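The structure under discussion appears below in the form of structure tokens.
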2 protein chains.
Amino acid sequence: MTNTGGRKPDEGERYRAILETAARLICDRGYEGTSMQEIAAACRMTKAGLYHHIQNKEQLLFAIMNYGMDLFEEQVLSRVQDIANPVERLRACMRHNILLVTRGWSKEVIIILHEHATLTGEARAFIDARKKKYVDFLEEAYGQASQQGLIRPVDPTVGAFAFLGMVLWIYKWFKPDGRLTDEQIADGMVDMLFPPLTAADTAGLPGSAALRMVPRTAAATATGTDSEDA
Amino acid sequence: MTNTGGRKPDEGERYRAILETAARLICDRGYEGTSMQEIAAACRMTKAGLYHHIQNKEQLLFAIMNYGMDLFEEQVLSRVQDIANPVERLRACMRHNILLVTRGWSKEVIIILHEHATLTGEARAFIDARKKKYVDFLEEAYGQASQQGLIRPVDPTVGAFAFLGMVLWIYKWFKPDGRLTDEQIADGMVDMLFPPLTAADTAGLPGSAALRMVPRTAAATATGTDSEDA
DNA sequence: CACGACCTACCGACCGGTAGGTAGCAGTGT
DNA sequence: ACACTGCTACCTACCGGTCGGTAGGTCGTG
């Protein structure tokens with residue numbers, strides 16, 4: 001969406017094909033473990049031919065990650081950010097994000113998750129800033145949900161990173177031919193973090209809605225953030 | 001504990017110092033991004049000197065990971081596995097595991113988390129089997145806790161990997177000088193997944209204990225596992 | 001004939017790994 | 001007392017191969 005790869009805007013399809021091919025390889029073998037030779041060959045080119053399209057290896061990774069962030073924002077964030085109810089927003093967001101990870105459509109997203117410390121300098125800062133926007137989005141939803149008594153109160157930063165951990169860790173263990181489908185995982189995790197309100201809750205029976213709102217024994221005021229990454 | 005590095009058992013301290021030095025570097029720069037030259041230099045040796053102690057680069061990584069699993073089992077598993085109450089077991093386990101990740105004592109553990117797909121063949125299978133023991137441990141605790149009505153019922157595999165995701169993802173974002181301490185994070189996450197029983201619960205008031213036990217709308221029977229990794 | 005797309009051929013540096021030598025030390029036979 | 005042996009713990013010097021990257025040429029198309 002944003003086209004932050006730093007290239008001429010209309011070079012278009014061929015360039016994106018290179019990004020996707022490179023992403024496939026880097027996702028399999030890791031960034032350092034993938035040579036430009038291999039990437040070029042997978043693009044049916046020589047190394048010099050590949051370098052006609054890109055500046056260097058690190059900029060290639062940067063472009064892949066930006067492309068991945070574009071895909072994420074298009075397929076997750078943009079589809080849920082207008083949901084008014086903060087808990088429904090979080091539920092939908094979790095579902096979309098889990099499916100983005102489990103279905104292998106975007107190797108670029110997996111690379112963002114795995115190579116979280118590979119980029120350096122400005123490129124690293126730029127990607128981290130795009131990630132932080134997602135963390136901020138989650139923190140705000142958690143803050144609203146806590147405040148409105150829709151979930152058991154939790155520090156928004158802890159909530160956001162707990163959410164992210166559950167969802168994003170999936171890339172490390174999920175196998176599409178396993179016994180659990182991605183929908184089952186999504187259902188289960190949504191239900192763990194955001195259980196539906198029962199009839200008792202909506203009717204306001206004693207000890208029901210209040211149950212999930214019991215203040216923590218201590219440190220309920222911790223609102224700091226160590227965020228930077230996601 | 002297990003000494004599975006494949007070396008003579010009494011070589012001892014020097015060898016472990018090499019593992020720790022190598023782990024520090026690999027944790028910082030990644031496995032593929034760290035050269036044997038650099039590792040040797042950090043050990044105040046030449047490369048050939050280093051190769052006197054190890055067989056090759058991959059076996060070095062394997063030994064580091066086994067050492068990390070030893071440390072994990074010693075500092076987490078062994079301290080909680082005898083707790084009778086499954087929820088208390090999970091709570092304590094989560095706390096210990098979070099602190100193992102946040103305090104930088106064992107770079108070996110971080111390497112296990114990050115380089116989850118670097119090893120191949122038998123070495124990979126061996127480490128994966130050690131990880132799977134932990135997943136099994138968590139699944140059993142989740143199964144017991146669900147069955148005894150101590151937590152909202154959840155598929156044990158989903159529960160285990162949700163637990164692991166929250167806990168292990170921390171290595172990607174936690175900074176010790178951030179505004180949240182590791183204890184605050186541990187408290188918050190334990191409270192999210194395993195909220196304490198209230199007085200209302202123990203007294204058996206209507207709509208209280210039952211609240212967290214509402215059966216899921218569907219798919220409550222999914223018990224498969226895609227597990228392999230942690 | 002200008003230009004983008006791609007090539008061959010090459011660069012210096014570095015990769016993981018090894019052959020073969022040496023310095024120091026414990027044990028031992030005389 | 002001392003030479004000799006065997007061993008560990010390293011070293012220097014080097015291997016073939018690959019790394020990221022580039023200079024400069026070719027060729028089809030507008």
Side-chain angles (χ1 to χ4, degrees), chain A residues 5-65 111 115 118-124, chain B residues 5-65 111 115 118-124:
Chain A
R7 294 202 56 85
K8 275 175 269 171
D10 61 340
E11 200 162 35
E13 200 162 343
R14 185 94 181 86
Y15 184 63
R16 212 175 53 206
I18 290 175
L19 292 191
E20 282 166 12
T21 302
R24 230 186 45 235
L25 261 74
I26 292 175
C27 188
D28 285 351
R29 309 145 127 83
Y31 172 74
E32 306 272 9
T34 310
S35 72
M36 297 304 282
Q37 192 80 256
E38 291 171 315
I39 293 172
C43 296
R44 301 160 185 270
M45 270 192 251
T46 60
K47 204 170 30 156
L50 172 62
Y51 269 96
H52 177 71
H53 297 275
I54 66 168
Q55 295 161 30
N56 55 50
K57 197 184 183 185
E58 186 167 2
Q59 192 272 341
L60 172 63
L61 178 62
F62 179 59
I64 288 171
M65 287 188 172
I111 291 172
E115 307 284 352
T118 306
L119 284 179
T120 59
E122 289 178 32
R124 163 83 170 270
Chain B
R7 294 201 57 84
K8 275 175 270 171
D10 61 340
E11 199 161 35
E13 200 162 344
R14 186 92 181 87
Y15 184 62
R16 212 175 54 208
I18 290 174
L19 292 191
E20 282 166 11
T21 302
R24 231 185 45 236
L25 262 74
I26 291 175
C27 188
D28 285 352
R29 308 145 130 84
Y31 172 74
E32 305 274 8
T34 309
S35 73
M36 298 303 281
Q37 191 79 255
E38 290 172 315
I39 293 171
C43 295
R44 299 159 184 272
M45 270 192 251
T46 62
K47 202 170 35 153
L50 172 62
Y51 269 96
H52 175 72
H53 296 275
I54 66 167
Q55 295 161 29
N56 54 50
K57 198 184 183 187
E58 186 166 4
Q59 192 273 339
L60 171 63
L61 178 61
F62 179 59
I64 288 172
M65 287 188 172
I111 291 173
E115 308 283 353
T118 306
L119 285 179
T120 59
E122 289 179 32
R124 164 84 168 270

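Letters go in sequence order (proteins before strands), and every chain restarts at 1. Just so we're clear, the structure is a prediction, and the values are computed from it rather than from any experiment.
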- Query: With a 4.5 Å heavy-atom cut-off, do B:I111 and B:T118 have their side chains touching?
  - Reply: no
- Task: Would you give a per-nucleotide map of nucleotides 6-17 of chain C, 5' to 3', where B means the base has a protein non-hydrogen atom under 4.0 Å away, S means only the sugar-phosphate does, and - means neither?
- Result: BBB------SBB
- Item | Partners passing side-chain contact (heavy atoms from CB on, under 4.5 Å) against B:A22 (at least two apart in sequence or in another chain) | B:I39, B:L60, B:I64
- Mind jotting down which residue pairs meet the side-chain hydrogen bond (donor to acceptor under 3.5 Å, both in side chains) criterion with at least one end in residues 20-29 of chain A? Sequence neighbours excluded, please. A:E20-A:Y67, A:R29-A:E38
- Query: Given atom CD1 of A:I39 and atom P of D:dC19, what is their separation to the nearest angstrom?
  - Reply: 11 Å
- Task: Rounded to the nearest 0.5 Å, what's the gap from CD1 on B:I18 to CZ on B:R16? Could you check?
- Result: 12.5 Å
- What's the OH-P distance between A:Y15 and C:dG4, to the nearest Å? 17 Å
- Message: So, using side-chain hydrogen bond (donor to acceptor under 3.5 Å, both in side chains) as the criterion, who are the partners of B:E58 when residues are at least two apart?
- Response: B:T120
